[in-house]
Amino acid sequence: MRDFGKIKEYAIDGNTVTIFCEKQKIIVTALTDEIINVFVPTWSDEHRSKAIEAADMERVLAKGAELKISEGKDGSVELTTGALKAVISEGGYVDFYKADGTVLSLEYRGERKSRKVLNMWDVELLKAEGHEVRDTSLDKPVQCVRIVDKNESFYGLGDKTGPLDKRSYEYEDWNSDIPDAHTDQFHALYKSIPFIICRKDEASYGLFYDNTFHGYFDMAKENPEYICFSADNGNLDYYFFGGDTIPGVIGNYTLLTGCAPLPQLWTLGYHQCRWGYASASDIRTIAEKFRELDIPCESVQYDIDYMNGYRVFTWNEKDYGPAGELFTELAQKGFKPVVIIDPGTKREEGYFMFEEGTKNGYFFRTADNSEDYVNAVWPGDSNYPDFGRKEVREWWGDHLKYLMDIGVQGIWDDMNEPASFNGPLPLDVIGHDEERQTTHEELHNVYGHFMAKATYDGIKKHTGKRPLVITRACYSGTQKYSAVWTGDNQSIWEHLRMMIPQLCNLGMSGYPIAGTDIGGFGGDTTPELLCRWIEAAAFSTFFRNHSANGTIFQEPWNFGEEVTDIYRKYVKLHYTFLPYIYDLLHEEQENGLPVMRPLVMHYEKDPIVFNLNDEFLVGEKILVAPVVNPGEMVRKVYLPEGTWYSFWTGEKHEGKRFFLEEAPLDHCPIYIKAGSVLPIYDSVSYVGEKKFDRLTVLATPEGGKMEHYQDNGEDFDYLDGEYNLYEFEVNSEGELSAKILHECKTVEKYDKVRLAVLS
Ligand code: MIG
């Protein structure tokens, strides 16, 4: 039990109150009316956040807070903002209320009690049989235990496995590359996003535990009365978010840690990949096949074999021809090269990355600081760039110029947990957080973050375009630099099903641009699984089919004409909705909301959707209920409150009920909410094939209104006002009218706008 003793005194400095308890001081700051920081500096006097950068904090503080500080009962200290009240009382406990006194979250004052039973006598036997024997001791050096309601549900936490609602599960934050099939029982995957959204009947609120050390979340599993965050080291430094609703809470979290910047339009299109397109001719054949079969595609991505002996920033001429030659050839057909890079840098005399990195001290060091730390990854013995330092990030970014110069248009950052073949990196390996020396223990969970930042800044510097970075590992705040994919899933139905809660939670954790490997990475997909996967993924913001070396080829044409036709239908569907996805990402700059959303985000009073795992919304206007089970030809659909129309037939459905929809292999049930107006493009083979000069405005019979955004889809000119913003209105007589809210000279407006009414 954590008890900091009696409150001796407190001091006020602007919006910050420092409370001196007998054993510990606690610093509480109202950043805005809806964001309160609690800082218990047991490890360092400064915050040392990697997620919240100076520019982020400036943006937050610009909002300002209306704050009153007063003394409460029994010597407690109360901070009251326009929206929230934080009460710090004896023991150093911090409780949160709405400003009107409604309880949001109280700190738990009792002892933690484990419900796990481990008989010590059989530990060795358990281990001998290969069972995992976990530490059941509870209290950790950093800890925060908070009371929750019986029917409170929990979201966020990034890419964790298990259902949408994280209640009754436990997780860890320790970026991990574990090749086994990811199951509900996994504690950690590649990403650490220590942010949770708590939905309860009175209001929703959020908590961000900004700690990069090995962290633990118990989501009312140990005890249904409380949730617990703990960590092995670091400060207890957390942000409490009001906002009342789930979108409100997400808005506050992304205000603090940043939004994903607007991507280039083409990056939102379809991508094909395989670890095992082993030569230029492989890539060419695949690319040409997409055009021949009229399946839209933006990139055939280059996995590790394009590098010369897995040396980063080199090219394997033997198998892939002269660097850049194939890029130029395929650019004629609209393909944009995207290549993988790994952080592990080959140790080899004469290799420029090794020479420069060694000479300049750019790699992680052993604990005694006597030599560069060595582990093995693809190139064999390798060093790990110390990405926490700006100088190292710039070095890395400068070398990206080689790839940009030969025509690469996007970078895929892999293995940045960081992965290692010779056992894990010891915790005491030395690295840096900027110029401060620290250890891998603090840096592990932000290794991918810093690599993504280096990659983003490098691409931006060399191209001036909006960088496409796709990362596997990340932390909170990495969304400012990178899109994500969910790593090595498998070609199993369970992983198709998992895609929905996993991407919804990633979206609610600040990652609007995300996707899974369509068809599954490991193992062999089946024709039916591939069809259902492309259907369910059709609205993904990172939309890529990828498979592993040694599995069967996963391009749709390997499964015959029926599968190819179905596949084409859904890739084209994705392209028709591209302007809607782009509009949502444009809005995300303001509201921080994802594209793919669980129903609970917009219907948080409806218990049926608290843990609905097999349907999702795209924005607020589209609902998708994909088939995610083998052999299923009839789908049980739940539509929430309101009126909905089938996208395919225009059939009208009243919501707040279940019904059955026939769903043969080529059918994914999709519904449009009454009153919606949506932008639609004609499908193209790739972005850039022809101008998007025609816009279709799709409306339901009631009509409605939408704002629609248009820019050049490539660079940062939009930040200087180079975009058009339209308002389209459709009345109930089916008449369309348009207003231009903002216009610019460089982006041509549509030649034709036509109305389509669902019926
Ligand atoms: O150890 O580059 O998750 O997408 O194809 C495997 C080969 C390394 C892991 C990535 C996967 C990629 C693969 N990589």
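Both counts, for ligands and for their atoms, begin at 1 and track the order of listing. Source: prediction; values computed, not measured.
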Visitor: Which protein residues have a heavy atom under 4.0 Å from ligand 1?
Guide: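 Around ligand 1, where the cutoff is 4.0 Å for heavy atoms, the contacting residues are Trp275, Asp303, Ile304, Ile340, Trp378, Trp412, Asp414, Met415, Arg472, Trp485, Asp488, Phe521, His546.
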
Visitor: Could you list the donor-acceptor pairs under 3.5 angstrom formed between side-chain atoms of residues 338-346 and any protein atom two or more places apart in sequence or on another chain?
Guide:
residue : atom : partner : partner atom : Å
Thr345  : OG1  : Pro343  : O            : 2.9
Lys346  : NZ   : Pro379  : O            : 2.9

Visitor: The test is ring pair (Phe, Tyr, Trp, His ring centres under 6.0 Å); show your working for Tyr270 and Phe543 and say whether it passes.
Guide: CA-CA 5 Å; Tyr270 178 81; Phe543 189 41; 5.3 Å; yes

Visitor: Of all heavy-atom pairs between Asp372 and Asn383, which one has the smallest distance, and what is that distance?
Guide: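 In terms of heavy atoms, the two residues are closest at CB-ND2, 3.6 Å.
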
Visitor: Restricting to pairs with a member in residues 480-501, which pass ring pair (Phe, Tyr, Trp, His ring centres under 6.0 Å), not counting sequence neighbours?
Guide: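 Residue pairs with at least one partner in residues 480-501: His182-His495, Trp412-Trp485, Tyr456-Tyr481.
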
Visitor: May I ask you to say whether Asp381 pairs ionically with Arg347, meaning some side-chain N is under 4.0 Å from a carboxylate O?
Guide: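 Looking at Arg347 together with Asp381, the answer is no, because their closest N to O distance does not fall below 4.0 Å.
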
Visitor: Tell me, please, which residues at least two apart from Lys50 pass salt bridge (charged side-chain N to carboxylate O under 4.0 Å, His left out).
Guide: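 Only Asp433, Glu442 meet the salt bridge (charged side-chain N to carboxylate O under 4.0 Å, His left out) criterion with Lys50.
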
